Structure formats: structure tokens, C-alpha cells
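This one's a predicted model, so the numbers in the text were calculated from it and none came from an experiment. Residue numbers start at 1 and run along the sequence shown.
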Amino acid sequence: MAIEQGPPTADNPWPVALLGAKLRDWIDRLGTAWVEGEITQWNVAGGNVYGKLKDVEVDATVSFSIWSSVRSRVPADLGQGARVVAAVKPNYWVKGGSLTMQVVEMKHVGLGDLLERLERLRRTLAEEGLFDPARKKRLPFLPHRIGLITGKDSDAEKDVKRNAQLRWPQVEFRTVHTAVQGERAVGEVTAAIIELDADPEVDVIIVARGGGDFQNLLGFSDEGLVRTAAAATTPIVSAIGHEADRPILDEVADLRASTPTDAAKRVVPDVAEELANVRQARARLGLRLSHTLSVEADRIAALRSRPALASTAWLVDTRAEEVARDLSRARELLDRRLERSHSEVGHLTGRLRALSPRDTLRRGYAIVQRTDGGVVRGTDDLDGATPVHVTLGAGTATGTLEPEGPGPDGSGA
């Protein structure tokens, strides 16, 4: 049956075969193109390879096939996780309606290109201070719970847990299984770091993988993963286990371990070793204390052997003599003071007596008072015959006085 190739319309549509043929012809004209990406799937069937190639920067994937005739010309170590450049020819299969990239040639990306990209990223992160030793956090002396990021049922997981529990049987783990290579590795490891960092019971995080070739470890140099690790508040240990080409995660992590086994030994203290250290410290402390006590005992003995402390009688006798001397001097001073005070009292008594009115009266003077108590000092104090009361040196008398004339000083009496 002839296929109508006029413009398709609702009344005159193209058959599916015609559309498929046109797509195949148009795609065939694209020819061969060189592309770069990461192999995320690699399946061998009947000598042919069927896989997927993912862009290294954005989320874009294409399928590819390598026929057995071409496979013999590609490197034998190619596989999932490898970064490659490939010459591909688009091929549209009309019968199945699928588009695949038929690989004509495939090889590893030049190490020079990869290393240049990693070196640029490494310089950028170093300039930002993410490699600065001052920002690295100290690991806890004895972590209660360890966060472990590793592949499921991997040797790395077994090594970390076995060696950690041999050193400290009470240690606990919270394990998050992730892909450790391929297209899922970066996203899953990044999410696991965020998850464990948010767990307040996790004291330290170990990212473990049992080594691998340079291509398979590229995910651990991903900028997003590295920045997530740098921003974590929980200490992170990188145990990727690749000595020749260290991923950037090793530089950003708070501690780099050469292997998963080394990570367990660096994170968890050895209980036997720590107990031995305690015993040694206790023994050193006991020796130092015994030495100090011995030195002080000898010093006290030397002090007690001195003449001043050998016999205490001299001290009592000396103090007794000093007390007796002080008492004698005190009595002498007291007697002098009493004698002087007695003399002063006698002198003051004589003066007081000399000034006393009673002594004046004893010398022949008298005090004349009217009956109202007023003292008669002159005739002006008398009003004719005035009754008076007379105080003498010895006794009193009463009588009447009359003024006669002025006295010796001109006053009447």
C-alpha cells in the first residue's frame, strides 16, 4: 500500500509508520556527535551493552547501546559511575518507537580535564576558608551514638561497626544506607548528612566507602555535597579510603581517616587502653603523693629536731620570767600612782576645807538670817527690831536686831 506523504490533516492523517520513518530520516541527518557524561547504568546482554548516560551538571539522561562489534574497542574498565566522552549516533527504532544513542566510540574523560575542574573548585573552597584547620570541630572523646553513612551491606559498614564495638562495646550507631557511586550517590549522601546532623543524639558522623577508582569517587568532590558537609554542626569524619586521589570531602571534613577501620579507631577510644591509662595515671599520682608526704615528713622532723623545738621547758620558763617582771613593774607603777593620787586628794581636801563656810564660822564668824531666810548683810536689811536666826561655828541662836549706825565699811549693822 502506498503511503500518502502529503501534509497531515484530521481528514488525511499520516500513518504511524510514516511519522516514524520521517523521525528516523530526520534523526539520521544529525550524524555523529561527541558527548560527555557519567554512566549511570551499564547492563551487558548477549555481548551488547545497554546503558544510560547522565549530564554531570543538570538533570538530563539519554539511553545508549554499544554493539558487540564496538565493545571490543572501548576500555574494558568502563562501567557504572565512570565519567566518559562518547561518539554517539542517534538511532530511532521505528518498530519500537524508541530513541537510543548508538555508541561508535567511548573513552574515559581526560584526567587533565577532570583534575582541572576539581582544582578550580578546590581553590574556590580554600579561598572561602572551608579548608582552614581553625574551623574544624573537635571530635567527642567518647561518642554515645555515631551516625554512619555508607553502602548497604558494604565491607565499609562491617569494618566500622566491628572495630568500634571491639574498642567500646557500648557504642551505638545510627546508619543511613546510601549509594556511594553513580547518579544517586551525591543526592543520597547529601540528604543523609542533613538528616544525621539534625539528630541531637548523634555525636559524630562517619562517611565511609571502601576505596575505589578515581572515577567512582568523583561524587565525593561534588560542590553541593562538600558545602553541606562544611555547614554541618556535627563533626564529620571522611573515610573514603583512597590515598592517591583524595576527594574534596577529605579536605572539608573535620577529620580524614585513611580507611573505614581507621575511622572507627580514631572516633572510638579503646576501652582497654583507656583503663590502662587510668591505672598508669593513678600509679603516677600515688607515687607523687607519697613523695610529697615523705618530703614534708622529713621537713617536720628537721624542724622538731632544732633546739628551739627539742625542749619546750625553756619557752615556759622564759615566758614565766617575763610575766613576773611585768607583774612587778605593774605593782610598782600602781603603788606610785596610788601614792600620787592620795597626795592629790589630800591637797584638794585642804583647799576645799579652806573654802568651806563652816570653817569660816569656826574662826568666829556667824551667818545672820531673817525669819524669811534672807541673809542680813547690813542695817538696810533690818526693819526696826527684826527677829533673826544666827548660825554659829557650833550651833545656832535666835534673837532680835535693831540698826544702830553704819558699820566700818559705811553700812549700818
(message) Run the side chain to side chain contact (heavy atoms under 4.5 Å, CB included) test against Thr349 and tell me which residues pass, sequence neighbours left out.
(response) Val345, Arg353
(message) So for atom NZ, which belongs to Lys265, do other residues, nucleotides or ligands contribute more than 12 heavy atoms lying within a distance under 6.0 Å?
(response) no
(message) Could you measure the distance from the CZ atom of Arg174 to the CD1 atom of Ile205? Nearest 0.5 Å is fine.
(response) 9.5 Å
(request) List the atom of Ile27, the atom of Pro90, and the distance in Å for their closest heavy-atom pair. (result) CG2-CB, 3.3 Å
(message) Is the ring pair Trp67/Tyr50 parallel, tilted or perpendicular, if the boundaries are 30 and 60 degrees?
(response) perpendicular
(request) Assess the side chains of Asp203 and Thr234: does a donor N or O sit below 3.5 Å from an acceptor N or O? (result) no
Return all side-chain donor-acceptor pairs below 3.5 angstrom for residues 325-336, not counting sequence neighbours, or 'none' if the list is empty.
residue	atom	partner	partner atom	Å
Glu332	OE2	Arg336	NH2	2.5

(message) Run Arg227 and Glu128 through salt bridge (Lys or Arg N to Asp or Glu O under 4.0 Å) and show every step you take.
(response) CA-CA 11 Å; Arg227 290 189 180 277; Glu128 294 178 15; 2.7 Å; yes
(request) Can you sort out the partners of Thr178 under side-chain hydrogen bond (donor to acceptor under 3.5 Å, both in side chains), two or more places apart, ordered by chain and number? (result) none
(request) Check step by step if salt bridge (Lys or Arg N to Asp or Glu O under 4.0 Å) holds for Asp25 and Arg29. (result) CA-CA 7 Å; Asp25 294 341; Arg29 288 196 297 270; 6.0 Å; no
Only pairs under 3.5 Å count here: list side-chain donor-acceptor contacts from residues 96-106, not counting sequence neighbours, and write none if there are none.
none

(message) Looking at every non-hydrogen atom in both residues, tell me the closest pair between Asn163 and Asp159 and how far apart they are.
(response) ND2-O, 2.7 Å
(message) Under 4.0 Å between a side-chain nitrogen and a carboxylate oxygen: does that hold for Asp254 and Lys136?
(response) no
(request) Of all the heavy-atom pairs spanning Ala87 and Thr32, show the shortest one and how long it is. (result) CB-CG2, 3.9 Å
(message) If the threshold is 4.0 Å, N to carboxylate O, is there a salt bridge linking Asp28 and Lys89?
(response) yes
(request) Identify the two heavy atoms, one from Ala21 and one from Val94, that lie closest to each other, and give their separation to 0.1 Å. (result) N-CG2, 4.2 Å
(request) Check Val189 against Ala179 and note the closest heavy-atom contact, atom names and distance. (result) CG2-O, 3.7 Å
(request) Please tell me if the side chains of Leu255 and Leu139 come closer than 4.5 Å, counting only heavy atoms from C-beta onward. (result) yes
What side-chain donor-acceptor pairs closer than 3.5 Å can you find for residues 280-300, not counting sequence neighbours?
residue	atom	partner	partner atom	Å
Ser290	OG	Gly286	O	2.9
Thr292	OG1	Arg288	O	2.9

(message) I want to check something: taking the side chain as every heavy atom from C-beta on, are Arg266 and Val237 in contact at a cut-off of under 4.5 Å?
(response) no
Solution key, residues 143-156 side-chain donor-acceptor pairs under 3.5 Å, sequence neighbours excluded:
residue	atom	partner	partner atom	Å
Arg145	NE	Glu172	OE1	3.3
Arg145	NH1	Glu201	OE1	2.5
Arg145	NH2	Glu172	OE1	2.8
Thr150	OG1	Ser154	OG	3.1
Thr150	OG1	Ala208	O	3.1
Ser154	OG	Gly151	O	2.8
Ser154	OG	Glu157	N	3.2

